[in-house]
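Scroll down for the structure; my scribbles are underneath it.
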4 protein chains.
Amino acid sequence: MAIRVGLLGFGRTGSVVAKELVSDSELSLQWVCRKTINPALTYASHALGFDGKFSPFVAFDKLTPEFIKKNPVDIVIDFSSGKATALYNTLADAGVRIVTAISKYTPEEEALIKKASLKTAILSSPNITLGINWMMIASKVLQKIIPLADIEVIEEHFRDKKETSGTALRLADHLDIDPKLHVNSIRVGGVVGKHEVVFGLPNQTIRIVHESISRSAFGSGAAFAGKWLFKKPSGLYSMEQVVHEKFMKKVKELEFDPST
Amino acid sequence: MAIRVGLLGFGRTGSVVAKELVSDSELSLQWVCRKTINPALTYASHALGFDGKFSPFVAFDKLTPEFIKKNPVDIVIDFSSGKATALYNTLADAGVRIVTAISKYTPEEEALIKKASLKTAILSSPNITLGINWMMIASKVLQKIIPLADIEVIEEHFRDKKETSGTALRLADHLDIDPKLHVNSIRVGGVVGKHEVVFGLPNQTIRIVHESISRSAFGSGAAFAGKWLFKKPSGLYSMEQVVHEKFMKKVKELEFDPST
Amino acid sequence: MAIRVGLLGFGRTGSVVAKELVSDSELSLQWVCRKTINPALTYASHALGFDGKFSPFVAFDKLTPEFIKKNPVDIVIDFSSGKATALYNTLADAGVRIVTAISKYTPEEEALIKKASLKTAILSSPNITLGINWMMIASKVLQKIIPLADIEVIEEHFRDKKETSGTALRLADHLDIDPKLHVNSIRVGGVVGKHEVVFGLPNQTIRIVHESISRSAFGSGAAFAGKWLFKKPSGLYSMEQVVHEKFMKKVKELEFDPST
Amino acid sequence: MAIRVGLLGFGRTGSVVAKELVSDSELSLQWVCRKTINPALTYASHALGFDGKFSPFVAFDKLTPEFIKKNPVDIVIDFSSGKATALYNTLADAGVRIVTAISKYTPEEEALIKKASLKTAILSSPNITLGINWMMIASKVLQKIIPLADIEVIEEHFRDKKETSGTALRLADHLDIDPKLHVNSIRVGGVVGKHEVVFGLPNQTIRIVHESISRSAFGSGAAFAGKWLFKKPSGLYSMEQVVHEKFMKKVKELEFDPST
């Protein structure tokens with residue numbers, strides 16, 4: 001049976017994520033919660049271009065314990081805003097697990113997440129793609145293998161993105177390099193998102209490059225995270241943990257036979 | 001005390017490697033073995049541009065048990081040719097460990113290596129750089145994490161390199177992709193060596209790119225391999241094993257705290 | 001006053017192009033011609049998500065001299081298929097100029113285009129973006145400046161694109177290199193489109209790289225071509241000519257003062 | 001008959017340049033001028049690894065009108081330092097043309113160059129490679145063709161290069177972008193030199209990338225410049241002019257036939 005999913009947020013990213021969730025046969029999108037509901041458009045399925053009526057919209061202030069009882073889900077995926085953390089306690093009480101991919105939280109919102117994670121399993125990651133998290137771990141391992149390498153991070157995004165990419169800052173944090181000196185931000189045209197870590201040695205360079213083609217990548221990442229979280233006990237998790245767990249397991253499987 | 005090293009081969013790559021070995025304070029280059037000795041140039045140090053007299057040349061046919069007894073080394077690093085395997089039994093009997101970075105061996109030569117590896121520790125790898133071997137392992141792990149990704153290998157080398165790069169073939173072998181279909185060879189100008197593995201998903205691509213700046217990279221790789229082999233028991237090892245061992249250890253050290 | 005435009009085709013690319021045309025204040029999209037009309041969806045504006053009623057659909061078999069008389073346009077932009085060339089004579093008789101961006105034509109279709117171009121101005125280019133055509137010309141000039149350079153073309157596209165990219169073949173044709181030997185096709189994931197020309201010299205490489213972010217690029221290219229064609233006399237033109245004309249003009253404007 | 005060349009400077013770059021000049025059959029390296037002469041090493045040919053005795057060294061203070069009379073050259077190529085401008089008047093009086101590739105000049109040195117250029121032909125360019133100068137011109141033309149594009153320059157060099165690359169600054173100057181905001185300097189390992197200009201549009205990006213493989217590129221560029229200057233009248237020239245002249249000529253040769 002498919003895992004029942006509720007989605008918070010239906011903006012620029014949320015709607016793309018909804019499309020990914022709907023197209024995943026292991027998941028079933030039960031409802032989509034958004035700030036205000038247009039009476040002429042009450043099903044997410046219609047907004048996504050489907051003919052059928054499924055995945056109804058529900059307004060944020062209607063997401064009550066009663067609603068959840070009548071419309072139960074196993075997982076809620078949150079692409080709305082930090083304010084949705086106000087609902088986390090209600091969700092946790094109903095036994096719903098939560099995947100959140102919000103970029104930034106206030107300390108108060110973070111406290112709400114921590115509190116809810118005592119009662120349910122929550123996975124919180126600003127960047128929810130497998131690719132970026134693999135990059136994070138592979139970079140850290142490479143740094144430990146060639147500790148003398150110089151490291152620079154280059155991130156490219158569309159012209160209007162004002163601040164430094166959160167993923168680039170996280171990479172810098174993990175690699176223990178000063179983001180003011182070693183993160184280079186390129187802002188041009190409509191670039192969706194590109195992150196590059198350069199490792200320089202006297203006689204060789206190694207680059208790890210991640211390029212986003214579209215925001216749909218967040219949807220498949222969230223779907224993956226939801227499935228991973230499905231059986232997990234209460235607690236706070238991150239996408240890096242998910243990938244790290246996989247990483248450890250896969251590295252162990254490798255065997256290198258010098259005779260080959 | 002420095003590890004005592006003997007070098008086989010002083011051609012285009014061998015001489016660059018010698019320079020790296022001499023500049024490594026943990027190693028001491030005792031002698032360099034080459035096919036024929038020019039009577040006017042009897043020290044590798046002179047050929048490398050040093051004023052001092054050290055690292056004398058010795059001809060291949062003078063590398064006898066007696067010579068080794070008088071000029072003992074802990075490790076021999078071999079950048080000569082497959083024919084040098086004829087010396088491996090003598091070296092093994094003298095308790096010398098061997099690092100060999102020859103691209104291709106005949107079955108007969110491989111048999112000689114295996115036989116010698118019963119008596120001493122031998123590390124054999126056509127590509128001896130840390131970077132390429134990290135790339136090999138990181139690629140395999142990534143493939144296991146995103147098994148649905150399409151994978152292509154692109155390798156770029158100088159115009160006159162005729163065959164497909166051995167490293168690219170090895171990457172294809174490890175990633176279980178058909179080299180005839182998925183290894184793309186670009187031959188232009190004087191490119192020293194570039195290898196790229198592209199992982200393509202519907203909404204993102206990840207690339208691992210290794211670029212060689214000069215052949216000196218082989219020297220630092222061989223130096224690293226020599227130090228690693230110094231304490232190892234008899235047997236046949238590969239650079240991938242060295243890096244895999246490091247990789248495993250480093251991945252274990254990583255900890256991901258979701259609260260950070 | 002805005003240039004009046006008619007669009008042929010409303011498929012995957014056509015609909016994206018329509019969006020670009022509608023958002024260009026110098027153009028006015030009068031109607032969109034498609035194979036069959038859904039009676040519930042008679043305005044392209046609705047299909048594009050606008051509330052207003054504009055840019056009505058018209059079926060191919062309704063695109064008669066009478067229709068054009070009542071719904072006059074200055075330019076027709078064609079993103080449908082080779083079959084639409086059957087309409088070109090009618091369009092030419094009505095004094096309508098034509099921009100066509102179809103990838104491949106049969107000899108019969110090409111004959112129809114040539115015939116119509118005796119009566120009106122037609123611009124025909126399989127790749128209608130300014131970027132790709134600049135790349136075409138800049139590559140040819142570079143080849144003439146460094147004639148000894150080795151040249152390779154690398155093109156990357158989504159996994160399901162079966163044939164070699166037409167743009168890559170055209171690049172090879174212009175650069176006079178054998179596409180079987182020097183065009184390298186990489187097929188991975190969901191890559192929209194990437195073309196790279198590598199020039200290799202013994203001591204340096206130069207690369208020109210064009211990456212498509214979305215199909216909207218065809219829309220802005222077609223809009224540009226339409227404006228360029230607006231005042232042109234009868235005849236057959238290409239996007240390369242447009243860019244070449246600009247190129248020549250701009251190169252002449254450059255002045256290099258050695259004292260700066 | 002070969003063009004007779006004198007070389008000023010025999011440091012890290014000068015010696016590599018000398019090798020390129022010697023291997024060019026259209027040139028004949030008559031002598032090499034350096035600060036101090038080692039009495040044991042009086043021929044550049046020996047320092048370059050040749051057996052024969054040719055291209056003798058001459059000390060800077062011995063480069064007198066008498067020396068030039070006895071050892072005439074057509075062209076002097078200068079890879080020494082700004083101080084060598086003190087010799088330019090002497091060279092100009094002897095009818096010698098000058099190619100100089102010094103990165104930075106003081107205003108006084110620039111005045112000496114200008115003065116000498118009244119009597120002889122001088123080509124002065126901090127970056128003497130064809131590739132970089134093609135990049136300069138092609139970038140300017142592209143900017144004029146797509147004036148709305150965002151432009152960023154990325155330059156990568158070895159870790160110890162402290163200042164921003166002069167070539168990157170010149171690119172920024174030509175493209176009229178603020179180098180403080182739009183030139184990104186990456187310093188890692190032993191990267192010889194890489195310059196990239198990124199043009200970003202909403203739906204596409206174009207990149208021009210130049211990579212140096214070794215300093216020998218300066219030698220072939222200087223050789224090219226010397227031949228170009230050989231017949232030129234008095235005056236001050238730049239490598240950009242040379243390439244611009246070629247560029248203009250080659251663009252004119254191109255013809256675009258829409259029927260192909």
Side-chain angles (χ1 to χ4, degrees), chain B residues 12 139 142-143 145-165 168-169 171-172 175-215, chain C residues 12 139 142-143 145-165 168-169 171-172 175-215:
Chain B
R12 195 169 160 189
S139 297
L142 181 54
Q143 184 184 34
I145 289 176
I146 48 172
L148 296 176
D150 303 315
I151 304 181
E152 292 279 321
V153 173
I154 307 172
E155 56 106 346
E156 262 183 47
H157 284 87
F158 47 95
R159 173 211 288 226
D160 293 336
K161 184 174 176 72
K162 291 217 176 73
E163 75 287 14
T164 304
S165 127
L169 293 177
L171 277 164
L175 296 168
D176 205 21
I177 56 177
D178 183 346
K180 279 188 209 97
L181 297 174
H182 300 295
V183 170
N184 306 273
S185 297
I186 315 291
R187 293 288 170 270
V188 279
V191 172
V192 180
K194 181 175 171 181
H195 290 90
E196 176 172 345
V197 188
V198 192
F199 293 83
L201 288 171
N203 299 307
Q204 54 189 314
T205 57
I206 300 168
R207 293 161 200 272
I208 310 177
V209 188
H210 181 276
E211 279 173 281
S212 296
I213 296 171
S214 85
R215 287 159 185 275
Chain C
R12 194 170 161 188
S139 297
L142 182 53
Q143 182 184 36
I145 290 176
I146 48 173
L148 296 176
D150 304 315
I151 304 181
E152 292 279 321
V153 173
I154 308 172
E155 56 106 348
E156 263 184 46
H157 284 89
F158 47 96
R159 176 212 286 224
D160 293 337
K161 185 175 175 70
K162 291 213 178 73
E163 75 286 13
T164 303
S165 127
L169 293 179
L171 277 164
L175 296 168
D176 205 20
I177 56 178
D178 183 346
K180 279 189 210 93
L181 296 174
H182 300 296
V183 171
N184 307 273
S185 296
I186 315 291
R187 293 291 170 267
V188 281
V191 172
V192 180
K194 181 175 171 182
H195 290 91
E196 176 172 345
V197 187
V198 192
F199 293 84
L201 287 172
N203 299 307
Q204 53 190 316
T205 58
I206 300 168
R207 293 162 200 270
I208 309 178
V209 188
H210 180 275
E211 280 174 280
S212 296
I213 295 170
S214 86
R215 286 160 185 275

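All values derive from a computational prediction rather than experimental measurement. Residue numbering restarts at 1 for every chain, and letters A, B, ... go by the order of the sequence lines.
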Report task. Determine the option with the most heavy-atom pairs under 4.5 angstrom with chain B, choosing from C/V188, C/I154, C/V198, C/V192. Result -> C/V188
Taking 3.5 Å as the threshold, show me the donor-acceptor pairs across chain C and chain B, one per line with distances to 0.1 Å.
| from | atom 1 | to | atom 2 | distance (Å) |
| --- | --- | --- | --- | --- |
| C/D150 | OD1 | B/R159 | NE | 3.1 |
| C/D150 | OD1 | B/R159 | NH2 | 2.8 |
| C/D150 | OD2 | B/R159 | NE | 3.1 |
| C/D150 | OD2 | B/G189 | N | 2.7 |
| C/E156 | OE1 | B/R207 | NH2 | 2.7 |
| C/E156 | OE2 | B/R207 | NH1 | 2.9 |
| C/E156 | OE2 | B/R207 | NH2 | 3.4 |
| C/R159 | NE | B/D150 | OD1 | 3.1 |
| C/R159 | NE | B/D150 | OD2 | 3.0 |
| C/R159 | NH2 | B/D150 | OD1 | 2.8 |
| C/G189 | N | B/D150 | OD2 | 2.7 |
| C/G190 | N | B/L201 | O | 3.1 |
| C/L201 | O | B/G190 | N | 3.1 |
| C/R207 | NH1 | B/E156 | OE2 | 2.9 |
| C/R207 | NH2 | B/E156 | OE1 | 2.6 |
| C/R207 | NH2 | B/E156 | OE2 | 3.4 |

Query raised in the report: Which bit of B/L148 comes within less than 4.5 Å of chain C, counting heavy atoms only: side chain, backbone, both or neither?
Result: backbone
Report summary line: By side-chain contact (heavy atoms from CB on, under 4.5 Å), C/P202 pairs with (sequence neighbours left out) none
